[in-house]
Amino acid sequence: MSNGLRIAPSLLSADFARLGEEVRAVIEAGADLIHFDVMDNHYVPNLTVGPLVCQAIKPHASVPIDVHLMVKPVDALVPMFAQAGADIISFHPEASEHVDRTIQLIRSAGVKAGLVLNPATPLSVLDHVIDQLDLVLLMTVNPGFGGQSFIERMLPKIERARALVDAAIARTGRPIWLEVDGGVKRDNARRIAAAGADTLVAGSAVFGAGHYADAIAGIRSEARAGQAAPAEAVAA
Ligand code: DX5
Ligand code: ZN
């Protein structure tokens, strides 16, 4: 079942000296969301940006800001990112002592809530919380760095997550997006969308390309083809 299609360029591969311009350029080039990777050198072995930078790009972002927290602990940063203009806040269950409480905290701040599953994290973490989520984010690399290779073994996991998300949508009548993050390129977008992802993060594949609009359009047309003909695309 298709649930729309969104392309979310990750600022991790943008030029950090010109972030506002980069945000405007990818939106002009067709980005549906801005993916904002927050790393703390504790939960993941890298360090990026915090709420001040989110606030600084907000006036440049005419599309939702999709904040991906790779931080531990999570809770203290939630109100700060809500205040800084985050539209979606996602976190890793391993980084919160009380996953349900963190989800409620995000929602009570008026922000959409997402849970992020690392490659080795089982889908069963969704069992008792999926009805509270707006987004399920599947990592297809281990978090911490841009430019890594897509882990092919994740394709069947995407398919299984799609079934869980569809069942939750049928139960609650609320939309839930299924996002995939890590190693997404034009040449695998068809298979990723065919497996059921409706929101594709792409960092190096967009910001590493000479022409952002061509890069986004290429990923989008491949993903659309995958959504249109899932079985054939998976076999291809
Ligand atoms: C990795 C980040 C990703 C990353 C994706 O920890 O969560 O969002 O920027 O970059 P690419 O698309 O280059 O794999
Ligand atoms: Zn990310």
Side-chain angles (χ1 to χ4, degrees), residues 6-16 19 22-23 26 29-51 53-54 57 61 63-72 74 77 81 86-95 106 112-121 134-155 158 161 177-193 197-210 212 214-216 218-220 222-223:
R6 285 159 293 273
I7 310 295
S10 162
L11 291 183
L12 193 58
S13 295
D15 179 349
F16 274 57
L19 267 192
E22 292 276 67
V23 166
V26 280
D32 301 293
L33 304 168
I34 294 294
H35 187 80
F36 190 91
D37 287 305
V38 182
M39 304 184 185
D40 68 349
N41 187 39
H42 171 69
Y43 180 63
V44 291
N46 200 353
L47 184 63
T48 59
V49 287
V53 176
C54 184
I57 65 158
V63 300
I65 301 179
D66 171 30
V67 172
H68 174 190
L69 294 180
M70 288 161 273
V71 302
K72 183 177 182 174
V74 179
L77 284 173
F81 273 101
D87 296 280
I88 305 166
I89 297 178
S90 301
F91 69 99
H92 290 249
E94 299 85 353
I106 297 169
K112 290 186 162 53
L115 200 62
V116 194
L117 279 62
N118 284 328
T121 302
D134 300 289
L135 176 79
V136 172
L137 172 48
L138 295 184
M139 294 305 299
T140 44
V141 299
N142 287 291
F145 301 94
Q148 304 180 78
S149 298
F150 180 83
I151 301 173
E152 294 286 334
R153 288 176 286 113
M154 295 298 113
L155 283 168
I158 299 170
W177 294 352
L178 180 57
E179 185 171 41
V180 164
D181 184 7
V184 175
K185 309 278 176 216
R186 185 188 179 129
D187 67 11
N188 57 20
R190 186 182 295 224
R191 286 177 297 133
I192 293 167
D198 52 49
T199 306
L200 305 186
V201 176
S204 48
V206 171
F207 286 102
Y212 297 168
D214 284 353
I216 292 171
I219 294 168
R220 193 189 303 282
E222 284 296 311

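Order of appearance sets the numbers: ligands from 1, and atoms from 1 within every ligand. Position 1 is the first residue of the sequence, and the numbers go up from there. Given the structure is predicted, the values throughout are model-derived calculations rather than measurements.
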Completion exercise
In ligand 1, the atoms that come under 4.0 Å of a heavy atom of M139 are 7 (O)
Handout entry: Per-atom contacts of ligand 1 with M39, taking only distances under 4.0 Å to non-hydrogen atoms
Key = 6 (O)
Handout entry: Aromatic ring proximity H92/Y43, centre distance under 6.0 Å
Key = yes
Fill in the blank from the handout: for atom 9 (O) of ligand 1, nearest protein heavy atom and its distance come out as S10 OG, 2.9 Å
Handout entry: N/O donor-acceptor pair under 3.5 Å between D32 side chain and I7 backbone
Key = yes
Problem - Atom indices of ligand 1, in the order listed, that fall short of 4.0 Å to a heavy atom of P143 - result: 6 (O)
Completion exercise
So the atoms of ligand 1 within less than 4.0 Å of a heavy atom of V201 turn out to be 8 (O)
Problem - S204 versus G147, closest heavy-atom pair with distance - result: OG-CA, 3.7 Å
Exercise for the section: Could you name the option among D181, N142, V44, V38 that has the heavy atom nearest to atom 5 (C) of ligand 1? Expected result: D181
Handout entry: Those atoms of ligand 1 less than 4.0 Å from some heavy atom in L12
Key = 4 (C), 9 (O)
Practice task
Do me a favour and list the nearest non-hydrogen protein atom to atom 10 (O) of ligand 1 with residue, atom name and distance?
Solution key: G146 CA, 3.6 Å
Practice task
Looking only at protein heavy atoms, identify the closest one to atom 14 (O) of ligand 1 and say how far it is in Å.
Solution key: G183 N, 2.8 Å
Practice task
May I ask whether G182 has any heavy atom positioned less than 4.0 angstrom from an atom of ligand 1?
Solution key: yes
Handout entry: Proximity to ligand 1 by part of A202, non-hydrogen separation under 4.0 Å
Key = backbone
Practice task
Check whether any heavy atom of F150 sits under 4.0 Å from an atom of ligand 1.
Solution key: no
Fill in the blank from the handout: Atoms of ligand 1 under 4.0 Å from any heavy atom of H35, numbered from 1 in the order shown, are 8 (O)
Handout entry: Side chains of V38 and F81 in contact at under 4.5 Å (non-hydrogen atoms)
Key = yes
Handout entry: Any donor-acceptor N/O pair, T48 side chain to M39 backbone, under 3.5 Å
Key = yes
Fill in the blank from the handout: min-distance protein heavy atom vs atom 6 (O) of ligand 1 -> G144 N, 2.8 Å
Practice task
Mark yes or no for whether D181, through its side chain, and L137, through its backbone, hold a donor-acceptor pair below 3.5 Å.
Solution key: no
Handout entry: Test item: side-chain donor near acceptor, D37 and S10, under 3.5 Å
Key = yes
Practice task
Heavy-atom contacts with S204 under 4.0 Å: which atoms of ligand 1 show up? List them by number with element.
Solution key: 11 (P), 12 (O), 13 (O)
Practice task
Considering heavy atoms of the protein only, find what lies nearest to atom 1 (C) of ligand 1 and give residue, atom and distance to 0.1 Å.
Solution key: F145 O, 3.6 Å
Problem - Gap between atom CD1 of I89 and atom NE2 of H68 - 0.5 Å precision - result: 12.5 Å
Completion exercise
The side chain to side chain contact (heavy atoms under 4.5 Å, CB included) partner of E179 among L138, V116, L135 is L135
Handout entry: ligand 1 contacted by M70 (non-hydrogen, < 4.0 Å)
Key = yes
Practice task
Would you confirm whether T199, through its side chain, and R6, through its main-chain N or O, come within 3.5 Å as a donor-acceptor pair?
Solution key: no
Exercise for the section: With 2.8 Å as the limit, jot down which protein N, O or S atoms are around the Zn ion (ligand 2). Expected result: H35 NE2, D37 OD1, H68 ND1, D181 OD2
Fill in the blank from the handout: min-distance protein heavy atom vs atom 12 (O) of ligand 1 -> G203 N, 2.8 Å
Practice task
Verify the distance criterion only: is there a donor paired with an acceptor across the side chains of S90 and K112 at less than 3.5 Å?
Solution key: no
Practice task
State whether the side chain of D87 and the backbone N or O of I65 hold a donor-acceptor pair below 3.5 Å, judged by distance alone.
Solution key: yes
Exercise for the section: Would you check if the side chain of D66 reaches a backbone N or O of I34 as a donor-acceptor pair within less than 3.5 Å? Expected result: no
Handout entry: Charged N-O contact under 4.0 Å between E222 and R191
Key = no
